[in-house]
Amino acid sequence: MTQPLPGSAEQDNDLVALAVLWLVGACLRMTILAVPPLMPLLHAELHLSEGQVGLLSSLPSLMFALAAIPGAFLVARFGIGATLLAGLALNALASAARGLVPHVDFLYATTALMAAGVAVTQPALPPLVRNRFPRRIGFATAVYTNGLLVGEILSASLTRPLVLPLVGQHWRGAVALWALPVLLTAVLVLAYGRHLVPKGRPAANARQWIPDWKHPLIWRLGFLLGGVNAMYFVANAFLPDFATAAGHPELIESALTALNVAQLPASFLMLALAGRLATRRWAYVATASLSLLSVLGIIASRGEGIVVWCAVLGFSNSITLILAFALPSLLCAPADVPRTSAGMFTISYGWAMAVSIFSGQLWDWTRSSLSGIAPLALCAVITAGLACTLRLGGHDPRAEAPPAFPAKAE
């Protein structure tokens, strides 16, 4: 009988953990990004104004901000595994409930609950990565972010051509159907959680779940990530109406698909490079500058040029996203990762929500389609500027024990 190779069981456990981690990442945006392709149907049935579109698209960002710190508390009090299960269950149930919406106010409420499920899940992932893969933080972060991006791509690109025909062209059935993968992932986390969360290794100190708001690192990371999130969420929300106003409604699906699919090659590239680039300031400046160029390209283009520049925006923005996600795990001691991540998420998504609402209101006030996209250029400039203020070069991302929070070098 063949004996197992030394370390093979541990390697198998790592593969299982990475697979489940990838699936959890896929659930972080899947149910949210199913809505933008359905926005014309929502317009027709619920008579939404552009301001209401901005509010609806900003609700996930609002809940990501409001529920991030409670998510850190759940990690500290109940552990990573229980927090993941709670977040996935709320995400799935609230997403399915959106299909029962009788009025726009109920749509707002169920969207908020769904986003709250995602919000409490997010702060659990950086400490999970730090505890489970202490020597491969950049790689493990890229794995779950790759899942996040694939989830975005599937929901954004398949909702109109595949899911809508399956449910008789009804947007209510389409949003409910996307809850099924999230529910199945929760079952897998329950079944294989022992491979994902190391036993006997606490996720965080229960007394250290409140972010240290006095430390500038949290604010810099928060606004840096916030610029990335604002560019992505606002682009997804307003591209359909922007393309329609430009006289090219036939480009809606192509533009959204390009924005999301272009993130995938970037995420695969980061599987190899995230560990090296996450603490390199020039990497953030370069990708933010490319995002700025792509926003200006979208504004100036007509026809197929919109699709091309959407692809560039998706590629550059996703690289910055992956690198920023890894920073709390790289720069903080294990017990401080949840609260640092929660503070970063709270600030970043609050900023993204404000930009989304402002973009919608600016469009309503000016009656110009450019007003919904132009604020993204400012977000790119702010992201590049903040990256220049970060002192990231002094830490070796391959080290097993990052410096304790707060970092005195900051």
Sidechain-backbone polar pair: S155 side chain, M30 backbone, donor-acceptor under 3.5 Å: yes
L38 vs L164, side chain to side chain contact (heavy atoms under 4.5 Å, CB included): CA-CA, chis, key distance, verdict: CA-CA 9 Å; L38 302 172; L164 271 177; 3.8 Å; yes
Short side-chain donor-acceptor distance under 3.5 Å, T159 and W171: no
Close side-chain approach of S301 and V308, heavy atoms under 4.5 Å: no
Closest contact, heavy atoms only, A377 versus V295: N-CG1, 3.7 Å
Audit row: F73, I210, side chain to side chain contact (heavy atoms under 4.5 Å, CB included) steps and yes/no: CA-CA 8 Å; F73 169 76; I210 299 177; over 6 Å; no
For the student: nearest non-hydrogen atoms of T31 and S95, plus distance: CG2-OG, 3.4 Å
W351 and L225, any side-chain heavy atoms less than 4.5 Å apart: no
pair L28-Q122: side-chain heavy atoms closer than 4.5 Å: yes
With sequence neighbours excluded, residues passing salt bridge (Lys or Arg N to Asp or Glu O under 4.0 Å) with R136: D14
Donor-acceptor contact present, side-chain N317 to main-chain L313, <3.5 Å: no
Test side chain to side chain contact (heavy atoms under 4.5 Å, CB included) applied to A82 - qualifying residues, sequence neighbours left out: F78
Minimum heavy-atom distance between T244 and P249, given as atom pair plus value: OG1-CB, 4.0 Å
Side chain to side chain contact (heavy atoms under 4.5 Å, CB included) involving V261 - partner list, sequence neighbours excluded: I153, T257
S318 side chain to F315 backbone, donor-acceptor under 3.5 Å: yes
With F64 via ring pair (Phe, Tyr, Trp, His ring centres under 6.0 Å) - residues at least two apart: Y349
Stepwise side chain to side chain contact (heavy atoms under 4.5 Å, CB included) check, Y144 with L18: CA-CA 8 Å; Y144 80 73; L18 288 171; over 6 Å; no
From CE (M231) to CG (N236), nearest 0.5 Å: 13.0 Å
Heavy-atom pair of closest approach, residues I218 and G343: CG2-C, 3.8 Å
Side-chain (N229) to main-chain (S348) donor-acceptor, under 3.5 angstrom: no
Reported CD-to-OH distance for the pair E152 and Y232, which is rounded to 0.5 angstrom: 3.0 Å
Ring pair (Phe, Tyr, Trp, His ring centres under 6.0 Å) involving W219 - partner list, sequence neighbours excluded: W213
Step-by-step side chain to side chain contact (heavy atoms under 4.5 Å, CB included) determination, L90 to V120: CA-CA 10 Å; L90 183 58; V120 299; 5.7 Å; no
Non-hydrogen side-chain atoms of L154 and N260 separated by less than 4.5 Å: no
L239 and C310, any side-chain heavy atoms less than 4.5 Å apart: yes
Expected list for residues 319-328: side-chain donor-acceptor pairs under 3.5 angstrom, two or more places apart:
unit_1 : atom_1 : unit_2 : atom_2 : d
T320   : OG1    : T287   : OG1    : 2.6
T320   : OG1    : S316   : O      : 3.2

Backbone N/O of G147 and side chain of R29: donor-acceptor pair under 3.5 Å: no
Between OG1 on residue T145 and CG on residue L125, distance to nearest 0.5 Å: 8.5 Å
Expected output: side-chain H170 to main-chain R172 donor-acceptor under 3.5 Å: no
G117 backbone acceptor or donor facing T121 side chain under 3.5 Å: yes
Interatomic spacing from CG in L84 to CG in L188 - rounded to 0.5 Å: 12.5 Å
Least distance between heavy atoms, I137 atom then V129 atom: O-CG1, 3.7 Å
4.5 Å side-chain heavy-atom contact, M63 and T111: no
T83 side chain to V75 backbone, donor-acceptor under 3.5 Å: yes
Heavy-atom side-chain contact between V355 and C379 under 4.5 Å: yes
Closest non-hydrogen atom pair between P37 and A34, with its separation: CD-O, 3.5 Å
Check: T389 main-chain N/O paired with R220 side-chain donor or acceptor under 3.5 Å: yes
Donor-acceptor pair, side chain of T110 and main chain of L107, under 3.5 angstrom: yes
Spacing of L59 atom CG and L56 atom CG [to the nearest 0.5 Å]: 6.0 Å
Y284 and L386, any side-chain heavy atoms less than 4.5 Å apart: no
Nearest-0.5 Å distance, CH2 of residue W22 to CG of residue L148: 10.5 Å
